[in-house]
Each structure stands twice: as C-alpha cells, then as structure tokens.
S.K.: 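I'd like to ask you about the structure that follows.
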Amino acid sequence: MDPAGIYRTTYLDDMSIVRTKTQWTILISALILTVLAPFYLSKNLIDVMSLSCCILISTLGIQILTGYAGQISVGQAAFYGVGAYASAILVNDLGVPFIFSVFLSGLIAAAVGSAFGIPSLRLKGFYLVMATLAGQIIIIYLVSHMHFTGGMVGHKANYPSIGPLTFDTGPRLFWLNFSFLLLMTLMAKNIVRGRWGRAFIAVRDNDLAANVMGINVYRTKIFAFAVGCFFAGIGGSLAAHYTGMIHPTQFTLMDSIWYLGYIIIGGLSSITGCYFGVIFFVTIKEILTHLPVSAEMAQYILPITDVAFGVVIILILIFDPKGLNHRWELFKGYYRIWPLGYK
Amino acid sequence: MVKRSYNFVVNLVLFTFIPLIAWGLASTPASAQANATGEVYPGINAPWTEPKNVNFKGTITIGDASDLTGPAAKSVSQMSQGLADWFKYQNEFLGGVKGYKITADVVDTKYDSQNVINAFNRFIDEGKVLIYSGMAYTIPASTEIANRRKVPTIGSSGSVTQALLLPEDEAKKDNYFFQMSPVVASRMAILVKFCMDDWKKKGKKGIPKFGTFNCDTQNGHEAATATRIYAEKLGGHFTIHTFHSPSITDAKAQVTALKEAQVDYILNGPDYDQPLTVFALELKRQKSARWKPIFAGHTDFGTAYIDTGNNAFEGNYCYEYCLDWTDTDKPIIAFLHEINKKWHPKISQRPFLYQTGVQAGIVISEVFKRAIEKYGDPKNIDGVKIREVMETLKDFDPLGISGTFTYIHGDHQGTHSLRIAECKDKHLVPVTNFIQAVPLELTERDGKYWLKD
C-alpha cells in the first residue's frame, strides 16, 4: 500500500520495488549502516549476522517454494547441505574458483531439489511433506556415508577468495555474505513479482484453475522446487566457507522445520517476512542462549530458555497469525497518516 | 663379626628398605604426590580450611559450550557442573589461579550446530583463550573454528581425526583440539582384549563372536571399525555392526540382528544414556537360555544403570576413563562428596561425566597456572600460548581422578588409560585397574582408517 497522494501512471512505475523518496532514503541509510556495521558492532554480532545472511538466503528459497508456490518442504536443510558440500568439494578438491562454485552449488542443489520435487506432481499437502522428509533423510544419509563428502569426518571448506581478495576475517566474511544476500533478495523479489511468481501463486491457490488458465502446473511446481533449492544451495555454499568445516550433523531435520518456522513467524508470501522471521528467531535465540548467568546457575536457568522461546512463538501466533510482516504493514499504515489519523 | 654385621646392614638396606621405599613412592596416592609438589588442596590432601577471602588481581574467563538441553543433556550438563564446582573450589579455597579468579562463561548449545558455531565465534571474539566443550556430537565444525582462529578447545570427543595429527602433518600444523581421554580406537582395543580374556577365563571353547551397537555418528563408526579390526587381530570372530540414531524409542531391529548373528559380545563406543537404556531393555527381552551375550560399552551405559536401577543392565560392563562416584576410598572422590554436600545438598549421586568436568577443571587450572608463571599477566596470553603451555603437560596427575595427562604436539589424547566396571547390585564395580592404551601405529593415526565400516 502506498502513502496517500502517491499515484502511479506507468506500468513500470507500478512495478518498482522502491517506490518513494522516503523508501529510497531509508533503504540507502539502512544499507550504509549495515555495511559499516563491523566498525561499530561487536565482532560476535558480526559473526552472528554473517551466518544469518546464509540462513536468510535459504529462507528466501523456502518462502518462494512454500510461501508463494504452496509446496510444503521439510527438506530445506538438506538442500542447504547439498550446496554446502558441493561448494566445499568444488573449491577444496577440484580447485574451482569460489565465485563459480557458489553458483554451481546453487545449480547442483536446484537439480537435486527438482528430483525430490518430482513427487509434487502427484502429491499435495501432508503427502508432499512426507516425500520431502524422505529427501531430507536420504540426502543426509548419503553425505554421511559417501567417501567424497568426507562421510562422518566431514569436509573442509577453505576461506572464500575472489581473485586476490581472501575473505578470512569476520568483517570480510560478513561483507561477502551480505552482498550475496542483497543479490539473492533482489532475485527473489524479481521472481515473485514476475510471470513465474504469478504462476506460483496461481498454482498455490488453485492448481486446477491455474491449469485452466494455461499455466503448466507440473513445470511450475518443479521450477518452484528448483528455485527454492537454488537459494538453499547458495546459502549453504556461503555457510560452508564461513564455517570452514561441514558435517552431516549441521543439516538436521530440526533445521528444516525451523525454516518453516522462519516464514510462518515472519509472514508467508512475503520476502520482507523472511527477514523478520530470521532476525526475530536469531535475536531471541542469541539473547536466550547467552543470558548472563553464573556458571553454577547455568544448568538450571539455561534449559528454561527453550520454554521461553516456545512461549514467545505461541504468543506471536495467537496475536498475529499472519506473521511479523503483517504487524509491520499495520505499523506503516499507522505512521503514514500520523498524527492526522481518523477512525 | 663386624664384617658380618656390616653385610647384614647393607643387605637389609639393599633388599628391604630400598625396595620398600621404591614401592612406597610408586604407590603413593595421587593426593600425596600432589602434596609432594608443594600444592595444598584443602579437603583432598590437607584438612578443610575456611574459604579464603581473596582480593583477586583479575578474572580469567574461559568459554564453556555445552549441551545443557537436548538428548545428551542429562549426562553432558554434568560436565559443565563439574567444571563450575572445581572453579568455585579453586577460587574459594586455593585463592584462584595465581591470584586470578577463574570462571567459565556458559552457553547452552542445545544440541544444535548453529548454536555451537555462534558460541565458539562469540567466545573467540570476546577474547577468550580457551574453550571447554561439553558437546555431544557437533564437534567437527567447532574444532575447525578453533583451529582456524587458534584458540584451544578441550573436550571429551574421542575421535582420532581430532586428537591426533598425521605424522606428515606434525611439522606443518598445530592442533588446537585437546581431548581428555583415549581415542575411541584405543578404548575399543581395551574392550576387545577384556572380552577375549573373559572368554578364556570362563573356559569357553571356540572363538567368541563380536557384534556392535553404536550411534550413527563419527565416533560410533570409529568404534564399530575398531571393534572389527581388534576382534580380528586378537583372534575373535567379528559378525555384525548395528547403528542407531541419537535418540531412539526402540532397539528391536538392532538386537534382533545381533541375536540372529548369535554374538557373544556386543561392543559399543561413545553413546548416550537414552538409547543405551532402550537397548538394555530390549536386550534383556530377547535374551534366552541359548543366547546370553555380554554387553561392554560406553560409560553412559553405567550412568543409565545407576539412574534407572533396572536389572536389565546387570552383568554387563562399561568403561570409565575417570574415577566413579562410588570410589569414595579415593581422596578426590571423597572430596567431591564433601563439596556436593556443602554446595548441592539435594544431590546425592553424580553421573560419571561430572567427574570428567572436575578433571577438566583441574587440568585447565594447571594450564593457566603454568601460563601465568611463564607469561605473567593473563592479558598477555593468547590461544597460541595456551596451546604451547598445554603441550608442556607431561604425566600431569589430576589429583588421581584419572590417569595422568600428557599432551604432545601430534597427540592430544590427554589420558591414555581406562578401566572397566561391571553393573552389579545397583553399583558400578570396577573389574580392572586402569589399563594403559597401546599407542596407535603411524598408519592408524589417519581418521579415515577407523571409518571404513
């Protein structure tokens, strides 16, 4: 929704992502503040933000797949893992430059994801969940037991480097991951507001009607899996080089469920919602995990944090089931007419 | 006559007093040895004193990333508690470490890899120079972070890959991961040998059949491979491996497979108390007059036995690389009973991993003591210096709570011995002394060697 008095007179204008001068000012200020974050935020916060960028990229993928295309997947962590392993193997074992390996990893994850998306042609809802669950289990089993993935030992992933520049410090890794996040956000935004995005929404809302309208439902579903997993692969690739070591235990079913949690809490069918979901989860998790308690009391107090986490999630779902993005939209609607609002 | 008396005295000295003194020195309890070095530990090798009121010169804070929640929390959280108790004692009764208060910043990693990665990065970003990790399974990534960022981690893993450097890497690399127990392969070697001896002792004929029950993790696979290799090496007959996920609700498939293979000994490496309990119950259910296998495995099997008191565990064995809560005749364990009465009056029983937490506390305090002696103010000490100091530990006695600690550049196992205890009459009854592990061959120091199965 645009502020009152803003009119769009061309189609291009109407399609623009950033629509007002205020939005441009906020966006540029936010970008500058984020890029300069390593200079004023603690190293630890930068590290957390770095890893969150990778998670966010993967969340954008599941938002497209589940939020827009309506294909519920509980295998996103495994596809994230595919990207991570692909990149680690490409860079460390095959000597592929990092910049190519990131995109290749995305493509490999997309190919694997498409294969596991094939059941979506026949299955829906809970049945599709079961199919993607099988994907999660099979992928993790395979990477745990294959020689070239390092099996149970895991696989190393060197620091990423592009040309002479090696990203071997916290701030550098953050800048790299953040750049990719911006790029992937733009990509996601463009996909969902374009022809494919409209096809995803049509298939999600009523695949029969979509078919009647001339949308190839099968191709759309497979493409949704490919796109969703491509994003997971890119995120996984960045995470592998950020962490330095990958192991099957880093890509669990629980992580896949959290991905659904991020988009549900953030807001389904919203790219901004992904940001809200991930930032909310990571912030709460960090606060509750790092409560300043004495070593003696830690074992009694820290486990309670899980309960607190659960309570916060329940409260959000009760008071705003449409997610945090909806709350943000309400807030925007309010401040745009402040102080001359009417009832 | 004088000469005869002289000879008598000389012989008496040579053959009686000298052997007696040598024997006495060799068998001096750890506490007395510690006393001999001049260290006084109230409640252990000296009478209890009042807590000291010390004006500390500063605080040394290490990181403690432990699974206080999750499937492994029940036992793993005890490591954190043991560490915290030792630091409390160190600060209140020993005046800290060289006048500095020592404490741990605890993060609950919740059995979640992202938490582990964030916790490690956070500790290092905050300038901590040593991290204690009481984590169940998410170690490889954290070890890599420790190695990349050159901050030592001391943990309870057991993996060859983490504890040992390949001979060709020794000159090129430093390893920042320090273990507190023998590697899994060595543990299994001791268990297999124990079973072979048990077979002979019972006068059974033929060759004993071995099978395994392990968690589907790196350590579990190391244990499985090692069991097969050592069973074949020591003249046993290896039959079958079975694996399980970290938490299970039934072990029917595994026990049935072991029963079909008619195994005599079921061996198990690092595992958790929950699946081991489920396994013990299923094993009891499937045992028959014709099939009575012996289980010998991870220390958490014993912990689960003490916790549940279920007779399904009876007659089976577990290994221990530390003293047990019931070893009250040992000064360090009697001391732990005392401090628990003082500080945790509601707790009457501590699982095995509590002792390993105390063991880590003793070692970490010693490391900082040596580091401060060498470099002065803790502010001058970084992770590289701590690693170097840790590698100076040679036959360091952690007050008798376990075997001695030795870290050398290529071998970060710490202790190299363990003992075996039987689950009997609601107690863990040691059936061996601490057995020294045979060092691995050079070719066996490659982690992949132990991950073939």
Side-chain angles (χ1 to χ4, degrees), chain A residues 42-48 50-52 54-55 77 141 144-145 147 150-159 168-170 239-240 242-252 254-255 258 282 285-286 288-307 309, chain B residues 61 64 66 68-70 73 77-78 80-81 83-85 87-88 103-127 136-145 147-149 159 161-162 216-222 246 343-344 447-448 451:
Chain A
S42 72
K43 283 181 188 174
N44 173 52
L45 212 50
I46 295 302
D47 281 331
V48 173
S50 240
L51 195 56
S52 301
C54 309
I55 296 170
Y141 179 84
S144 305
H145 293 88
H147 183 68
M152 287 290 176
V153 177
H155 201 292
K156 283 198 173 193
N158 292 342
Y159 280 122
D168 56 356
T169 62
Y242 165 78
T243 312
M245 179 84 185
I246 46 169
H247 192 263
T249 51
Q250 285 166 247
F251 315 102
T252 62
M254 199 58 215
D255 293 326
W258 281 128
V282 171
K285 236 170 135 180
E286 279 299 302
L288 293 178
T289 310
H290 299 134
L291 282 178
V293 290
S294 67
E296 292 85 20
M297 292 307 293
Q299 69 155 339
Y300 304 109
I301 293 176
L302 295 182
I304 302 170
T305 59
D306 277 348
V307 179
F309 198 18
Chain B
T61 307
D64 173 2
S66 296
L68 301 183
T69 47
S77 62
Q78 293 294 322
S80 236
Q81 189 59 56
L83 182 83
D85 279 354
F87 283 172
K88 186 174 161 75
T103 179
D105 183 359
V106 188
V107 166
D108 176 10
T109 42
K110 299 177 192 286
Y111 205 67
D112 178 319
S113 59
Q114 306 297 354
N115 283 341
V116 174
I117 293 164
N118 285 340
F120 265 65
N121 278 322
R122 180 201 149 194
F123 287 145
I124 298 170
D125 290 338
E126 287 172 351
Y137 82 134
T138 42
I139 296 227
S142 51
T143 307
E144 185 58 23
I145 292 172
N147 278 328
R148 264 186 173 187
R149 303 188 66 181
S159 159
T161 339
Q162 284 156 344
D216 194 8
T217 58
Q218 180 181 355
N219 281 346
H221 282 266
E222 280 189 21
W343 297 334
H344 317 285
K448 286 177 184 154
L451 288 167

S.K.: Using a strict 4.0 Å threshold on nitrogen-to-oxygen distance, state whether B:Arg149 and A:Asp168 make a salt bridge.
M.R.: no
S.K.: Below 4.5 Å from any heavy atom of chain A, which atoms of B:Asn147 appear? Answer side chain, backbone, both or neither.
M.R.: neither
S.K.: Kindly give the heavy-atom pair with the smallest separation between A:Tyr242 and B:Arg148, and that separation in Å.
M.R.: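 Here A:Tyr242 and B:Arg148 meet closest at O-NH1, 3.1 Å.
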S.K.: Of the backbone (N, CA, C, O) and the side chain (C-beta and beyond), which part of B:Asp64 lies under 4.5 Å from a heavy atom of chain A, both, or neither?
M.R.: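 When you check distances to chain A, no heavy atom of B:Asp64 falls under 4.5 Å.
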S.K.: Taking C-beta and beyond as the side chain, do B:Gln114 and A:Leu51 meet within less than 4.5 Å on heavy atoms?
M.R.: yes
S.K.: For a 4.5 angstrom cut-off between non-hydrogen side-chain atoms, does B:Arg122 reach A:Lys43?
M.R.: no
S.K.: For a 4.5 angstrom cut-off between non-hydrogen side-chain atoms, does B:Asn118 reach A:Glu286?
M.R.: yes
S.K.: State which residues pass side-chain contact (heavy atoms from CB on, under 4.5 Å) with A:Ala240; sequence neighbours excluded, sorted by chain then number.
M.R.: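 Applying side-chain contact (heavy atoms from CB on, under 4.5 Å) to A:Ala240 gives A:Ala84, A:Ala157, A:Ile246.
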S.K.: Out of B:Glu222, B:His221, B:Glu126, B:Lys448, which one racks up the most heavy-atom pairs below 4.5 Å with chain A?
M.R.: B:His221
S.K.: Search all heavy atoms of B:Ser113 against all heavy atoms of A:Gln250 and return the closest pair with its distance.
M.R.: OG-CA, 3.3 Å
S.K.: Nearest heavy-atom pair of B:Ile145 and A:Thr243: which atoms, and what distance?
M.R.: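 Taking B:Ile145 first and A:Thr243 second, the nearest heavy atoms are CG1-O, 3.9 Å.
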S.K.: Please identify, among B:Leu83, B:Thr161, B:Asp216, the residue contributing the most non-hydrogen atom pairs under 4.5 Å to chain A.
M.R.: B:Asp216
